[in-house]
Amino acid sequence: MTKYRVSMSAPDITEAERQAVADVLNTPVLSMGEQTFEFERAIKEYSGAKHAIAVNSGTAGLHLCVRAAGIRAGDLVLTTPFSFVASSNALLYENAVPVFVDVHMETGNIDPQRLAQAVEQIAAGGKPAQNWLPRKNAVAKKPKAILAVDVFGQPADYDALEDIANKNDLVLIEDSCEALGARYKKKLAGRFGQSAVYAFYPNKQMTTGEGGVIVTNDDEAAEFMRAMRNQGRAPGDTWLEHTHLGYNYRITEMSAALGRAQLNRLDELLAKRDQVAAWYGEHLANVPEVELPAIVPSTTRMSWFVYVIRVAPQIDREKLSALLGEAGIPSRPYFAPIHLQPFMIDRFSYKPGDFPVTEDIGRRGLALPFSGVMSQDDVGLVCDELKKALPKAIT
Ligand SMILES: *Cc1c(COP(=O)(O)O)cnc(C)c1O
């Protein structure tokens, strides 16, 4: 195995976090206690949302949002193929149909113009409607929802998305798992639509080990999701009464305590990531084969999740990644288009070429090592090796 000289990603953990988790272990309460309650309270305060429901992963949070939106088998949900697979999987868990809409070239976020066209043509029916649907296992009907994703920490275009959702009576769900702290026209990511999710896997802006939190202003949805997280126990149910068929999506007290300590440091965590992204920007500004991440004017606060460059078409990305690996620098293709994942092709018969922008940026995107604990020297090392490898990776 190669010994890497820098890590692909790393959590930013201090004594405060270690102490917070150790303190929990000195109590008998390891689930559904004060830490979870206080973590939720802190997220509510931070986000301004009326409700926060902590869960054991971002994926679990998205699944509950899908359930709360009343999305059922066969329902059509407009979403993006350029995302981490969990956003679409949350729909498949309910046998709903992801209707993919290609993305905006600059941001990689769902393209509102294409989305508006999809909604219009699906409503019109016939051949144009069919063109938006997967080749099999989907029946044309009025779509139920939009599931938008804030890709790489940059919010989607919510003015346009909210407008389309309102005009067409679609529920809007925001997958903000990569965008804690980002702002769209000064408004916090995670505050758009009926409900939204932040996620806390160790590579995210802040971590709870595993975990996520749903934020919503919808009282009814919040009560339902709270019950579904905890084996379907509705308010008033005893431990062995289950109003609903629920799940165990509970977060542990250790994770919640870690989350509280990290949230206290969020400004610092985000500032350190800003700095690392800025160093990358300086080192790579004048490398012609490298396109840097674009931040559009509506993003008034970027929350750096990953640092993904796009290589020029003449660069063989796989070769580049292999050369970097040999030099001790890890890197990852980012994202692999969801519609071309084997299980998606199997169920819906998607084909290469179906979503050209997603496929193009999916082919050229390379995530470089990124975290708030990287030093300026680490970034320099990665960029030096990248500049050395690029000429050798020209096809
Ligand atoms: C991280 C992430 C999730 C949730 O991931 P978990 O590992 O389940 O916490 C969901 N959607 C996107 C886009 C993500 O990046």
Side-chain angles (χ1 to χ4, degrees), residues 8-11 39 43 52-67 77-94 98 100-101 103-104 107-110 145-156 158 161 172-182 189-190 192-193 195-215 225 229 247-252 255-256 258-259 262-263 269 273 293 302-308 332-339 341 344 358 361-362 365 367 370-371:
M8 192 61 215
S9 75
F39 183 41
I43 292 279
I53 301 143
V55 288
N56 54 14
S57 73
T59 309
L62 287 171
H63 184 203
L64 294 185
C65 291
V66 166
R67 286 295 308 266
V77 179
L78 300 143
T79 191
T80 166
F82 190 70
S83 173
F84 181 59
V85 71
S87 58
S88 295
N89 283 358
L91 301 170
L92 294 198
Y93 297 157
E94 295 304 320
F100 290 127
V101 174
V103 297
H104 189 246
T107 60
N109 282 322
I110 195 163
I146 300 169
L147 174 52
V149 180
D150 302 329
V151 168
F152 303 158
Q154 174 152 242
Y158 286 105
L161 298 185
L172 178 61
I173 300 170
E174 180 181 4
D175 178 345
S176 209
C177 289
E178 302 189 350
L180 180 69
F192 298 91
S195 55
V197 181
Y198 302 124
F200 309 124
Y201 188 73
N203 68 340
K204 310 278 178 178
Q205 288 88 337
M206 64 165 255
T207 187
T208 59
E210 294 284 359
V213 66
I214 305 157
V215 285
M225 293 190 282
R229 157 185 80 173
Y247 310 100
N248 177 0
Y249 284 167
R250 297 183 299 259
I251 193 168
T252 70
S255 286
L258 177 51
Q262 289 261 281
L263 191 60
L269 298 178
R273 298 173 87 91
M302 177 73 181
S303 176
W304 290 95
F305 165 52
V306 279
Y307 198 85
V308 180
R332 302 245 191 292
Y334 232 75
F335 287 120
I338 296 177
H339 65 285
Q341 296 292 337
M344 280 285 178
T358 292
I361 62 182
F370 186 76
S371 74

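Remember, it's a predicted structure, so these values are computed and weren't measured experimentally. Along the sequence shown, the residues carry numbers beginning at 1. These numbers come from the heavy atoms of this one structure, side chains and all, not from hydrogens, waters or symmetry mates. When a ligand or atom number is given, it counts from 1 through the structure's own listing order.
- Between F335 and F82, a ring centre-to-centre spacing shorter than 6.0 Å is recorded.
- Note that the CG atom of L180 and the CG atom of L263 stand 7.0 Å from one another [nearest 0.5 Å].
- Shown here are the side chain to side chain donor-acceptor pair (under 3.5 Å) partners of E210, two or more places apart in sequence or in another chain: there are none.
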Are any protein N/O atoms closer than 3.5 Å to the N/O atoms of ligand 1? If there are, list each pair with names and the distance to one decimal place.
| unit_1 | atom_1 | unit_2 | atom_2 | d |
| --- | --- | --- | --- | --- |
| ligand 1 | 8 (O) | G58 | N | 3.4 |
| ligand 1 | 8 (O) | T59 | N | 2.9 |
| ligand 1 | 8 (O) | T59 | OG1 | 2.4 |
| ligand 1 | 9 (O) | G58 | N | 2.8 |
| ligand 1 | 11 (N) | D175 | OD1 | 3.4 |
| ligand 1 | 11 (N) | D175 | OD2 | 2.8 |
| ligand 1 | 15 (O) | E178 | OE2 | 2.5 |
| ligand 1 | 15 (O) | K204 | NZ | 2.8 |

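- A search for side chain to side chain donor-acceptor pair (under 3.5 Å) contacts involving Y307 returns nothing, not counting sequence neighbours.
- With hydrogens and angles left out, the side-chain atoms of S255 and T252 include a donor and acceptor closer than 3.5 Å.
- Taking R229 as the reference, E40 meet the side chain to side chain donor-acceptor pair (under 3.5 Å) condition, with sequence neighbours excluded.
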